[in-house]
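I have placed the structure first, in the form of structure tokens, so that the comments after it can refer back to it.
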Amino acid sequence: MIPAPTGATRLYVIVGDPIAQVRSPAGVSAAFAARGHDGILMPVQVAPADLSDFLSVATRLKNLDGIVVTIPHKFACYRACTSATDRAHFLGVVNLMRRRADGSWHGDMVDGLGFVGAARTKGIAPAGMQALLVGAGGAGSAIALELVEAGVSELAIHDGLAERRDALICRLNGLGKAAVRAGTMDPSGFDFVANATPAGMKEGDPLPVDVARLAPSAYCGCVITRPEVSPFIAAARSIGCVTGTGTDMYRQHQSIMVDFLLEADEA
């Protein structure tokens, strides 16, 4: 039960464009209440061209304590942070911003934790697997880092923007933990296939991979929350793959998000 907001309620917003697909406002607000925190998370739709103006206003709102960031603002919001976690700095991207004691913003990126955590709840241990990731944007880069940290033997990354893909591959190979290379839409030979693109949110979107080449033994995960079962996940299930949805991912990282947002302000 989420208490009715009052003038003393602390405000948090989730910013994106589009925004209707997000599931976190109710869940995070309920988690705040369960922890005895008088706070509420509200969705805000902001176009990329207006993000700078929005952040300028947000910084001046004295009762706004945190921002959850979704597509397409994760890279731009990182640049608005005065400080950030090591993984956010490595990726140059954030999906969480917490107000610091001096009024500036501290950022983190936890999408990868949620995605890989969802796979583990399905009995999937990425260590030693050959993984294909489609999408090298904000969520995709975080998932890529977490897969490398989880011990995959190989990671292939496919993205329509070759420069963005190659920059991420170069950074990940610099860690010396897994072989990272460019991939294609062909999932043949991969044990772990991840869609980190919006493909499937709109009717008629092309599938992110050639599902006819999926192995029934492969794990397939997707970041999309609406529809809850994306066309990619539906196709993977039809051939017997174990799958994880965007909602499964969100369930795994909701508590991580709330922990971050409620952590004591940094000086």
Side-chain angles (χ1 to χ4, degrees), residues 69 71 74-79 81-97 106-197 208-209 213-215 217-223 242 244 248-249 252-253 256-257 259-260 266:
V69 187
I71 56 171
K74 295 177 181 181
F75 289 96
C77 282
Y78 167 76
R79 295 190 291 270
C81 292
T82 300
S83 62
T85 61
D86 289 345
R87 61 177 161 247
H89 280 314
F90 178 83
L91 296 166
V93 62
V94 299
N95 73 326
L96 297 173
M97 301 166 66
H106 178 67
D108 197 2
M109 182 56 176
V110 302
D111 281 347
L113 299 178
F115 193 93
V116 174
R120 288 188 169 119
T121 66
K122 304 298 179 76
I124 303 300
M129 285 186 163
Q130 292 179 296
L132 170 64
L133 170 68
V134 182
S141 61
I143 292 166
L145 176 60
E146 192 61 26
L147 286 171
V148 168
E149 295 288 358
V152 295
S153 62
E154 178 188 37
L155 174 61
I157 301 175
H158 175 63
D159 191 275
L161 299 176
E163 185 177 353
R164 179 171 74 174
R165 176 203 65 199
D166 293 345
L168 177 59
I169 289 171
C170 183
R171 290 200 305 276
L172 292 170
N173 275 325
L175 296 174
K177 295 185 176 183
V180 186
R181 62 175 176 84
T184 69
M185 293 178 63
D186 183 355
S188 300
F190 291 99
D191 310 301
F192 191 113
V193 181
N195 173 44
T197 76
V209 300
R213 294 179 175 271
L214 279 171
S217 59
Y219 172 79
C220 295
C222 188
V223 299
V242 175
D248 293 327
M249 170 183 168
Q252 288 303 303
H253 80 316
I256 301 170
M257 292 167 58
D259 286 345
F260 177 85
E266 299 188 1

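Computed over heavy atoms, backbone and side chain alike; hydrogens, waters and symmetry mates excluded.
Met249 is linked by a side-chain contact (heavy atoms from CB on, under 4.5 Å) to Asp111, Phe115, Val223, counting only residues two or more places apart in sequence or in another chain. When the side-chain contact (heavy atoms from CB on, under 4.5 Å) test is applied to Ala131, the partners found at least two apart in sequence or on another chain are Leu147, Val152, Leu155, Phe192. Legend: residues meeting side-chain contact (heavy atoms from CB on, under 4.5 Å) with Tyr78, ordered by chain and number and at least two apart, are Ala84, His89, Val94. Listed by chain and residue number, Leu113, Val116 satisfy the side-chain contact (heavy atoms from CB on, under 4.5 Å) test with Glu146 (two or more places apart in sequence, or in another chain).
A heavy-atom distance below 4.5 Å is found between the side chains of Leu214 and Val193. In this structure the side chain of Asp191 never reaches within 4.5 angstrom of the side chain of Ser217, judged on heavy atoms. In this structure the side chain of Met185 never reaches within 4.5 angstrom of the side chain of Pro208, judged on heavy atoms. Using a 4.5 Å heavy-atom cutoff, the side chains of Val110 and Met257 are in contact.
Nearest heavy atom pair, residue Cys77 against residue Met97, reads CB-SD, 3.7 Å. A pairwise comparison of heavy atoms in Arg165 and Asp159 identifies CB-CB, 3.9 Å as the closest pair. The minimum heavy-atom distance between Gln130 and Ser153, with the atom names listed, is CG-OG, 3.7 Å. Residue Gly140 comes nearest to Ala196 through the heavy atom pair CA-CB, 3.5 Å, listed as atom of the first residue, atom of the second, then distance. Of all heavy-atom pairs spanning Gly244 and Tyr219, the tightest one is CA-OH, 3.3 Å.
A donor-acceptor pair shorter than 3.5 Å can be found between the side chains of His106 and Ser83.
The CZ atom of Phe75 sits 6.0 Å away from the CZ atom of Arg164 when rounded to the nearest 0.5 Å. In this structure, Leu145 CG and Arg87 CZ are separated by 8.5 Å, a value rounded to the nearest 0.5 Å. Rounding to the nearest 0.5 Å gives a distance of 8.5 Å between OG of Ser141 and NZ of Lys74. For the atom pair Leu133 CG and Ile157 CD1, the distance stands at 5.5 Å (nearest 0.5 Å).
Looking at Asn95, its side chain never comes within 3.5 Å of a backbone N or O of Val69 through a donor-acceptor pair.
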Show, in sequence, the C-alpha distance, side-chain angles and deciding distance for Asp186 and Thr184, and conclude whether the side chain to side chain donor-acceptor pair (under 3.5 Å) test is met. CA-CA 5 Å; Asp186 183 355; Thr184 69; 5.1 Å; no
Considering only distance and modelled atom types, tabulate donor-acceptor pairs under 3.5 Å from the side chains of residues 117-129, sequence neighbours left out.
from, atom 1, to, atom 2, distance (Å)
Thr121, OG1, Ala118, O, 2.6
Lys122, NZ, Thr243, O, 2.6
Lys122, NZ, Asp248, OD2, 3.1

Under 3.5 Å donor-acceptor pairs involving side-chain atoms of residues 167-175, not counting sequence neighbours:
from, atom 1, to, atom 2, distance (Å)
Arg171, NE, Phe90, O, 3.2
Asn173, OD1, Val180, N, 3.0
Asn173, ND2, Ile169, O, 3.4
Asn173, ND2, Val180, O, 2.8

